[in-house]
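Here the structure is laid out as structure tokens; the discussion comes afterwards.
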Amino acid sequence: MKKIILVGYMGVGKTTIAKLLSQKTGFKVVDTDALIEKQTELSISDIFKQKGEIHFRKLEHEVFKQLIEDKEELIISTGGGTPCYAHNHLFLNGDQVVSVYLYASIDTLFQRLKNENSERPLVAGQSEEELKEFIAKNLFDRSYFYNQATHKVMIDAKTPQEITEEILGLLH
Ligand code: S3P
């Protein structure tokens, strides 16, 4: 196995878990959003504002494909929408690839996103009521793609350390 890919909705903690997994496995960690920001020298919010979501999805696909094709052992922390566009879900079970869908209840996602949505263009500026409805609908639309992951791990009421241990148990 050369690539561990973490997928899941905004706010499930992909970046945090990827860092912990990196410490445990020694694999380098790469975050697709961080790489896009570095390459474009723009924040994700500014890319959405200045160039639009479709442009962002193209960049996201290119970056994700490059990482999958990289020869190095990597932990790839994706953006919440990565597996849901441009056939990216087809990469989730490739040769030497293991993917993990980190999933949570709508209520957990709502609690996490309501306090930290300003940096996330898809949910920025929504009222609490709008946010809850958006999460429910969007998660429903995206579930098919997330469920293509090799493994699924529920994150509700678990610490990042517990989630990391659970993932490590699945990798053997
Ligand atoms: C998005 C999630 C974000 C980021 C962009 C779009 C999405 O990443 O890629 O704002 O479509 O769910 P996080 O899941 O890290 O917030």
Side-chain angles (χ1 to χ4, degrees), residues 1-19 21 28-70 72 74-106 108-110 112-113 116-126 130-155 167:
M1 174 194 52
K2 284 204 149 183
K3 304 276 181 303
I4 303 169
I5 307 175
L6 298 183
V7 301
Y9 206 72
M10 292 174 272
V12 291
K14 298 178 291 289
T15 307
T16 306
I17 304 297
K19 284 183 188 151
L21 276 174
K28 193 174 134 190
V29 61
V30 190
D31 184 299
T32 54
D33 280 347
L35 199 53
I36 291 168
E37 290 185 329
K38 195 171 156 204
Q39 289 183 357
T40 59
E41 296 181 353
L42 288 171
S43 68
I44 300 297
S45 296
D46 283 341
I47 298 173
F48 269 70
K49 266 187 230 143
Q50 294 175 20
K51 317 237 170 171
E53 181 175 352
I54 293 174
H55 182 76
F56 170 76
R57 297 301 173 194
K58 282 187 189 151
L59 297 176
E60 186 178 46
H61 173 69
E62 281 159 23
V63 161
F64 190 47
K65 188 165 175 285
Q66 275 167 21
L67 292 175
I68 299 280
E69 287 167 356
D70 194 307
E72 251 187 302
L74 288 181
I75 296 170
I76 306 173
S77 175
T78 61
T82 309
C84 316
Y85 294 88
H87 301 296
N88 292 335
H89 66 287
L90 299 176
F91 292 128
L92 298 182
N93 293 291
D95 192 31
Q96 305 274 345
V97 171
V98 171
S99 50
V100 182
Y101 171 28
L102 301 176
Y103 72 103
S105 65
I106 291 171
T108 298
L109 295 173
F110 171 69
R112 289 182 175 207
L113 289 173
E116 43 158 303
N117 66 7
S118 62
E119 292 302 311
R120 293 184 160 105
L122 289 183
V123 292
Q126 294 188 3
E130 287 166 339
L131 179 63
K132 202 158 195 172
E133 194 176 322
F134 178 84
I135 293 170
K137 282 191 182 152
N138 198 216
L139 189 60
F140 179 79
D141 290 340
R142 290 179 166 191
S143 285
Y144 168 80
F145 299 99
Y146 292 145
N147 279 304
Q148 304 301 312
T150 326
H151 303 289
K152 292 182 223 176
V153 171
M154 159 58 89
I155 62 123
I167 295 172

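- The stretch residues 59-69 participates, sequence neighbours left out, in these salt bridge (Lys or Arg N to Asp or Glu O under 4.0 Å) pairs: Arg57-Glu60, Lys65-Glu69.
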Quick one: do Tyr103 and Asn147 satisfy side-chain contact (heavy atoms from CB on, under 4.5 Å)? Show the steps, please. CA-CA 10 Å; Tyr103 72 103; Asn147 279 304; over 6 Å; no
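- Applying the ring pair (Phe, Tyr, Trp, His ring centres under 6.0 Å) criterion to His89, with sequence neighbours excluded, gives Phe145.
- A donor-acceptor contact shorter than 3.5 Å is absent between the side chain of Lys3 and the backbone of Ile76.
- The two residues Val7 and Ala149 have their closest heavy-atom pair at CG2-CB, 4.2 Å.
- The heavy-atom pair separating Leu122 from Arg142 by the smallest distance is CD1-NH2, 3.6 Å.
- Judged as a salt bridge (Lys or Arg N to Asp or Glu O under 4.0 Å), and not counting sequence neighbours, Glu130 has no contacts.
- With sequence neighbours left out, the salt bridge (Lys or Arg N to Asp or Glu O under 4.0 Å) criterion links Asp70 to no other residue.
- Residue-environment remark: CD (Glu72) exceeds the threshold of 12 foreign heavy atoms within 6.0 Å.
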May I have the list of side-chain donor-acceptor pairs in residues 95-102 shorter than 3.5 Å, sequence neighbours left out?
residue, atom, partner, partner atom, Å
Gln96, OE1, Met1, N, 3.2
Ser99, OG, Leu92, O, 2.7
Ser99, OG, Thr150, N, 2.9
Ser99, OG, Thr150, OG1, 3.0

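- Not a single donor-acceptor pair under 3.5 Å links the side chain of Tyr146 to the backbone N or O of Lys152.
- The side chain to side chain donor-acceptor pair (under 3.5 Å) test applied to Ser43 returns Asp46, not counting sequence neighbours.
- Inspection of the Asn88 and Thr82 side chains reveals no N or O donor paired with an N or O acceptor under 3.5 Å.
- Remark: of the listed residues Ile36, Val30, Thr40, Ile68, Ile36 is the sole one forming a side chain to side chain contact (heavy atoms under 4.5 Å, CB included) with Val63.
- Taking every heavy atom of both residues into account, Arg120 and Leu113 meet most closely at NH1-CD2, 3.6 Å.
- Between Phe64 and Phe91, the ring planes lie perpendicular to each other; the angle is over 60°, past the 30° to 60° tilted range.
- A donor-acceptor pair under 3.5 Å is absent between the side-chain atoms of Glu119 and the main chain of Ser45, judged by distance alone.
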